[in-house]
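First up is the structure itself, then whatever we jot down about it.
Everything quoted here is computed from the prediction, not taken from an experiment.
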Amino acid sequence: WFKTKSYGTFIVGNHLVKYEGLLAEVMPNPSKQRQDRINFYRFRIPGYAFLIKVDQRPFTKELQPHILAPKSPLLIPVRQYQESSEYDSLIQVRDQIPHR
């Protein structure tokens with residue numbers, strides 16, 4: 001039920017991750033990203049991060065293996081959230097909040 005050619009394609013592979021550890025349940029706002037000239041939004045739900053393609057450009061050969069497709073295995077790597085670039089960004093935001 002996921003599209004595989006155009007707008008709204010759900011991307012997996014290296015782009016779907018389960019996070020564990022401190023602050024892994026935090027849900028930051030979606031962020032726009034660009035990879036291989038293709039526009040994506042990165043979403044977070046508690047403990048997970050994933051990309052959704054949001055333009056009509058065709059996938060590059062490098063991204064083809066990461067498209068969620070029927071009858072394909074769904075492998076989700078597990079990573080420590082503290083080791084992610086998202087964690088570093090979250091800490092930077094936290095440090096900018098004035099303390100009383």
From [X] [atom1] over to [Y] [atom2], what is the distance, rounded to the nearest 0.5 angstrom?
{"X": "Asn39", "Y": "Arg34", "atom1": "CG", "atom2": "CZ", "result": "5.0 Å"}
{"X": "Ile91", "Y": "Glu86", "atom1": "CD1", "atom2": "CD", "result": "12.5 Å"}
{"X": "Phe40", "Y": "Gln33", "atom1": "CZ", "atom2": "CD", "result": "9.0 Å"}
{"X": "Arg94", "Y": "Tyr87", "atom1": "CZ", "atom2": "OH", "result": "6.5 Å"}
{"X": "Gln80", "Y": "Leu22", "atom1": "CD", "atom2": "CG", "result": "10.0 Å"}

Cluster question for you: counting only ILVMFWY and a side-chain heavy-atom cut-off of under 4.5 Å, with indirect links fine, are Val54 and Ile45 together?
->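 Cluster IDs for Val54 and Ile45 match.
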
Path from Val17 to Met27 over hydrophobic side-chain contacts below 4.5 Å =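 No, Val17 and Met27 fall in different hydrophobic clusters.
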
Heavy atoms of other groups near Arg37 CZ, more than 12 under 6.0 Å |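 Check fails, neighbour count at 12 or below.
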
Taking NZ, NE, NH1 and NH2 as the nitrogens, is one of them in Glu20 or Arg79 under 4.0 Å from a carboxylate oxygen of the other?
->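 Salt bridge between Glu20 and Arg79, a charged N being under 4.0 Å from a carboxylate O: no.
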
Under 3.5 Å, side chain of Arg44 to main-chain N/O of Ala24, donor-acceptor pair present?
->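 Pair found, side chain donor or acceptor close to backbone of Ala24.
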
Find out whether the Lys NZ or Arg CZ of Lys18 is both under 6.0 angstrom from the six-membered ring centre of Tyr48 and within 45° of the ring's axis.
->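 Cation-pi check for Lys18 and Tyr48: passes.
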
For the pair Asp95 and Gln92, evaluate side-chain contact (heavy atoms from CB on, under 4.5 Å) and give the outcome as yes or no after the intermediate values.
-> CA-CA 5 Å; Asp95 292 345; Gln92 289 176 0; 5.8 Å; no

Under 30°, 30 to 60°, or over 60°: which ring-plane class applies to Phe43 and Phe50, parallel, tilted or perpendicular?
->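 Rings of Phe43 and Phe50: parallel, as their planes differ by under 30°.
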
Side-chain contact test, heavy atoms from C-beta onward, threshold under 4.5 Å: evaluate it for Leu90 versus Tyr81 and give yes or no.
->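 Yes, their side chains come closer than 4.5 Å.
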
Take Tyr41 and Leu51 through the side-chain contact (heavy atoms from CB on, under 4.5 Å) test and state the conclusion after the steps.
-> CA-CA 6 Å; Tyr41 273 93; Leu51 293 178; over 6 Å; no

